[in-house]
Amino acid sequence: MTSSPHPLRPNALSLRIPEPKARPGEKLDFGNLRLSAAGEVARPPVDIDHTEIRDLAYRLIRVLDDDDRALGPWAPGLSVEALKRGLRSMMLTRAFDERMYRAQRQGKTSFYMKCRGEEAVAVAQAEALSPDDMCFPTYRQQGLLIARGYPLLEMMNQVLSNEQDPLKGRQLPVLYSAREFGFFSISGNLGTQFSQAVGWAMASAFKNDRRVASAWIGDGSTAEGDFHHALTFASVYRAPAILNVVNNQWAISSFHGIAGDNDSPFASRATGYGLPALRVDGNDFLAVYAATRWAVDRARANLGATLIEHVTYRAEGHSTSDDPSQYRPVEEAAGWPLGDPVARLSRHLIAIGEWSDDAHAALEKELVELVRATARQSEAIGTLATGSKPSVREMFEDVFKEMPWHIREQRQELGI
Amino acid sequence: MTSSPHPLRPNALSLRIPEPKARPGEKLDFGNLRLSAAGEVARPPVDIDHTEIRDLAYRLIRVLDDDDRALGPWAPGLSVEALKRGLRSMMLTRAFDERMYRAQRQGKTSFYMKCRGEEAVAVAQAEALSPDDMCFPTYRQQGLLIARGYPLLEMMNQVLSNEQDPLKGRQLPVLYSAREFGFFSISGNLGTQFSQAVGWAMASAFKNDRRVASAWIGDGSTAEGDFHHALTFASVYRAPAILNVVNNQWAISSFHGIAGDNDSPFASRATGYGLPALRVDGNDFLAVYAATRWAVDRARANLGATLIEHVTYRAEGHSTSDDPSQYRPVEEAAGWPLGDPVARLSRHLIAIGEWSDDAHAALEKELVELVRATARQSEAIGTLATGSKPSVREMFEDVFKEMPWHIREQRQELGI
Amino acid sequence: MATMNMIQALNSAMDVLLTRDPNVLIFGEDVGFFGGVFRATEGLQKKHGLERCFDTPIAEAGLIGISVGMAAYGLRPIVEIQFADYIYPAYDQIVSEVARLRYRSAGQFTAPITIRSPYGGGIFGGQTHSQSVEALFTHVAGLKVVIPSNPYDAKGLLIASVEEDDPVVFLEPKRIYNGPFDGHHDRPVSPWSKHPASEVPDGHYRVPLGKAAVAREGSDVTVLAYGTMVHVVLAAVEEAGVDAEVIDLRTLWPVDIEAITGSVRKTGRCVIVHEATRTSGFGAELSALVQERCFYHLEAPILRVAGWDTPYPHAFEWEYFPGPARVAAALKRTMEA
Amino acid sequence: MATMNMIQALNSAMDVLLTRDPNVLIFGEDVGFFGGVFRATEGLQKKHGLERCFDTPIAEAGLIGISVGMAAYGLRPIVEIQFADYIYPAYDQIVSEVARLRYRSAGQFTAPITIRSPYGGGIFGGQTHSQSVEALFTHVAGLKVVIPSNPYDAKGLLIASVEEDDPVVFLEPKRIYNGPFDGHHDRPVSPWSKHPASEVPDGHYRVPLGKAAVAREGSDVTVLAYGTMVHVVLAAVEEAGVDAEVIDLRTLWPVDIEAITGSVRKTGRCVIVHEATRTSGFGAELSALVQERCFYHLEAPILRVAGWDTPYPHAFEWEYFPGPARVAAALKRTMEA
Ligand SMILES: Cc1ncc(C[n+]2csc(CCOP(=O)(O)OP(=O)(O)O)c2C)c(N)n1
Ligand SMILES: Cc1ncc(C[n+]2csc(CCOP(=O)(O)OP(=O)(O)O)c2C)c(N)n1
Ligand SMILES: [Mg+2]
Ligand SMILES: [Mg+2]
């Protein structure tokens, strides 16, 4: 961060405009990242008083070390089966992203957003939540849908806005909705889902049920008022919610410091509301799972909400409309100190003797093939370019439960 | 706080609806108040790193002890003259409030809001700020105007909405604006001034000036998004601003716990944004002055914003439209553990041999007389009841700098 | 059957709703123990429990945000925004979320939320306790907008709104909470008990959304109004000595277009009255609709009587408020045209 | 004089403003180093310094809040809201603060803030990158609303807006940033360089607020439009073979009422075209104004062609967008009436 040029007058004030440490062509510098070693951070019981664990907001929960071993009290002891399931979902997410990105480049749809580098945040969390817990995601948690078994074909049909688009041509490609899979309708307006999740969690408590809500928000979007409202209401009503901040370091072209990560990490926001906060290595599948599990258990025990900051990195452009080389060094992704979540989990499975490079390559091939086959199926139904889309009547449906006279008239005006 | 009835199903969730410790007819209980002894809390240098003083958000800075002495490192060493000036301004504010409240009861205006019990927050802060620092107040800091010497007559003319109303009949009685006195136009919409103050402070820094902005917000209003935006922008741009939370325990009928003061004090909100926070006895003139001074010095040294929580008590109804006996014990005001700011400063002056009960009584009489005389003057100009108000033309002015055709037409339609 | 003022009728509606449906809950600023600054929720917490009617933090966007989540869970929230002037912080949640949830999720998730809020002037509330915000919601696809003008309708419309599967912005003309107000601020206030619409059944009933009421039959000119203005118009009609047909819209959107066009085709003249600022107010839409559909029946220009295009100024309450004199003048003007 | 597209013209306007007035500063999401997602502020940070053009947190209400404080200090902020669809979180700060500050402080404090925001459809942006929000601001007393339709006007109007002492909501039709668009999405795109209004002076000039432009003279019918729709209407007029007078409003509010009434009195017919949802759109106000002022000159009902009363659906871009076919049909209908 550089501050403004030295003011002319003595003792004059000056405005700080935070700047990232490195712009394109400059040397990488991750000196600002607050790291802890794997296994180093203590794991409190889930019923601990929040006042006793304020320091967790400033540490970094990590399980996997540089030798790919799982260390310390947060090591979740997940079964090999669960680990392999997680690896598969992350890899499938990545293969899906690649294919859909290409589809956009080929003009088959208008827009796409990848989550490369952040797959663990969604997939490990899906593993830690129960199927009937509700997710309130952003556009970068497609991994939740994939981990929860939502059909790839449906996702693709939406991305391609074809005749079988489950959202009937009304939504942008990546803004999914899948009630049956516990996945709330994604809004294009940032932040709104955060307080909504708290309301859903309050409803579960109101009904004396046992379901919890989990919400995700980007580092940049924490600046929206909804973030504050979510924390406030979650604190006041002790809502059983998991409030995830996905700190992938960038909000389009703005680095995390512009969202207020200069002087205190996002996790620490929670402590002032009387909520516990965990700061976790978001590229460490085991750590994300363990932290989420802790928060879920706490919420389910009627002890209220937890904020989790996932420290990760947006390894690609913001969306198909973005070119990150304009504002950050191209080497930044490769240099990211917390590595890649897929590679790390794969190496861990190898380290514990349950996986191999060959198995990995084979799985990758299988998944790419699966995605390709499904994509062919979806493209055969149609793409935005072929124009085989849902009936235009759908444009006028679902504004209200029953169509009022003025919409019926408008539909007629369009001749349908 | 009671929680909801025990749920029927085992392990079921339940919703916490916070409740105050005492409702009308119940025994007073201030057990939730986090107190420190006078002189107990350390005073760090103004250039300390915020990470080293997080604990101040959970303590209570107090200077005056039960024997009316000024103790400890926060004792500001104010001159007797300054103390007497402060006492006078607080007493004048109170006399003014009494008179205007009566004027409303007599039908001379529509509405009034007192600040009884909270006078120190405004008056001591006015003392700590420079005259060209800008205040962004709520409707309960009339003490700022009085301490800064804004003419009582102008205030009354506005309260009574008479011909000389400086705001030309356009604003509610208590929503003053006085640019020449560094007092920003008060909005009826809660919270908005908080981020505005940060913008003003940023402008001062942008211009390499030395002026700071000070903003006030009620405990209840901290829940608005503007609070979050103010803290976020102040943190990101290191704005020279003082962000005051006036925790007077109530927001109309809602106790401070409904605003989220159950599990962590309001002051602690700031630490998660990387801002220093001071929690201060708001009924202790010396403590308020000292804390504000610390924050002003820090801001002026280009070290950015400080949040100050003033722990005080709204000793009367929310406004002339409110009857607090409906929702809180009538004895609560008298039982308030931090006493009355006017009485405490007066007793302190007596304790240091600079004041006496007689002097106090004489001053009170003088001020009541001054207010009465001014009120007569103002009432002679007119009141809302007499209908002597500014020219109706004023209704159509200042919507824009120059009156556009449609407003001119509307004015003509009204026949003026 | 009891005699109720509007507050009592609204309170009774909420009592009925809480009693009949365990998924109904009410929240907002000061609505719990205290019962709301206008006392609309008085006694409901005590009767139905802390969790059925409770206070919230002062964060209108937060209120609406949590209500979206609750509705998605299957609850049916009634949210009070203390004054309509304070609905703006929640505008994004209402416009981008509440209004669009059904559409964008293809019906998977819905937001049957009722947003109650006192609106309008006539109480010396100044700029921030007097605004009429209806047009900011009629422009938003996916919202219904309802405004009652008397106790009977208030209860029946509120029950219908909450039982509706679509979100409803339910605006309450606060000036007539305690009695009908014809705009003659210098005359004694008449209580609701003298008005026939204060006879309100104790139990459950609905006044259907989308249906206007004819407040007065007539043949000279059609007057479209809602809320407080219905009473002002009725007074003005008498004073102008014009045989006007006064239509109380009750539901602003989707509006009862047949009631409007039927009447205007009969009378050939139309005056539209509302408190909100004229420019881009709901009167503009009504004027456009009438003009589009009754062009060949119109014998005079459609006139609008509305609040001026200024903020609502404290001391000029009665110069701002579109009272009976201004309405009567418009009636005469349209008859002379 | 240079050939500029609309983005370049806006960029040039801001460059001129930053150069001439040290109190002008620009901020918004991604506007600093990167130069904005539509590149309108490209190069300005580099040329004028970090503090003159910088990135902000993603908090539209915060952006506007700080701009009010800055304006009160004497600065002249230009704020970018990345898409008009995201202006809603700032609605309270705009309506309750920016618009009313001068009035409520009796002129002590003013808010000469220019809020720039790309709006409108035609880019497959779906529900949240396509909205037209103008009517939500024309209803608010104290705001001016400006929408340019070509590079020359864009630069001149932006300079005039920033130099104006009143707040301006400056909406930029994003579909025509890079070239005029006549609604024929299936035909090749034509660049601005072929359009005369792409000749833009390098230096300072103003296009006055409150003055419409006649985009095409004609005698059969008056068409009122703004932004992208001006180009769509011009195409539709040719296709319909109607001698229409096309008025490009440029300033929506306060609108150039004389230009409108003068033209409608001449032609006797009027069609209003906008992209926004029809109900309570700005077209309703225009229709009401024309009807009130030109009643006796009207030979046919005033028609509105607008976006449907639904959210803007991704896959139905061209079924939603009021293209030349719909405009032409309305022109023919009004001529036959
Ligand atoms: C209310 C609102 N403001 C602005 C935008 C435009 N926008 C879309 S994504 C984005 C950046 C979000 O960054 P972050 O929250 O960090 O999430 P990430 O993209 O990194 O996952 C912006 C500014 C929006 N969609 N909604
Ligand atoms: C945006 C908004 N919401 C609601 C209100 C109504 N209201 C006025 S004062 C008040 C309580 C404020 O309490 P607090 O912030 O604690 O301030 P205090 O009155 O105690 O000084 C409320 C809810 C308002 N003025 N503005
Ligand atoms: Mg991000
Ligand atoms: Mg308070």
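Proteins come first, then strands; the chains are lettered A, B, ... in the order of their sequence lines, and each starts at number 1. Computed from heavy atoms alone, side chains included, the values below leave out hydrogens, waters and symmetry copies.
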Where on [X] is there a heavy atom nearer than 4.5 Å to chain A: the side chain, the backbone, both, or neither?
X	value
C/Ser105	both
C/Thr110	neither
C/Pro22	backbone

Chain C contact via [X] - which portion, at a heavy-atom distance below 4.5 Å:
X	answer
A/Glu224	neither
A/Phe227	neither
A/Val399	both
A/Tyr237	side chain
A/Glu180	neither
A/Ile186	backbone

Compute the centroid of each ring, for C/Tyr86 and then for C/Phe83, and state whether the two points are separated by less than 6.0 Å. yes
Do the side-chain N and O atoms of A/Ser130 and A/Arg210 include a donor-acceptor pair separated by under 3.5 angstrom? no
For the residue pair C/Phe54 and C/Phe27, does the interplanar ring angle fall in the parallel (under 30°), tilted (30 to 60°) or perpendicular (over 60°) class? parallel
Any idea how C/Trp253 and C/Phe282 line up, ring-wise: parallel (<30°), tilted (30 to 60°), or perpendicular (>60°)? perpendicular
Tell me whether the NZ or CZ atom of C/Arg102 lies within the 45° cone about the ring axis of A/Phe400 and under 6.0 Å from its centre. no
So, do C/Gln131 and C/Leu136 sit near enough that their side-chain heavy atoms are less than 4.5 Å apart? no
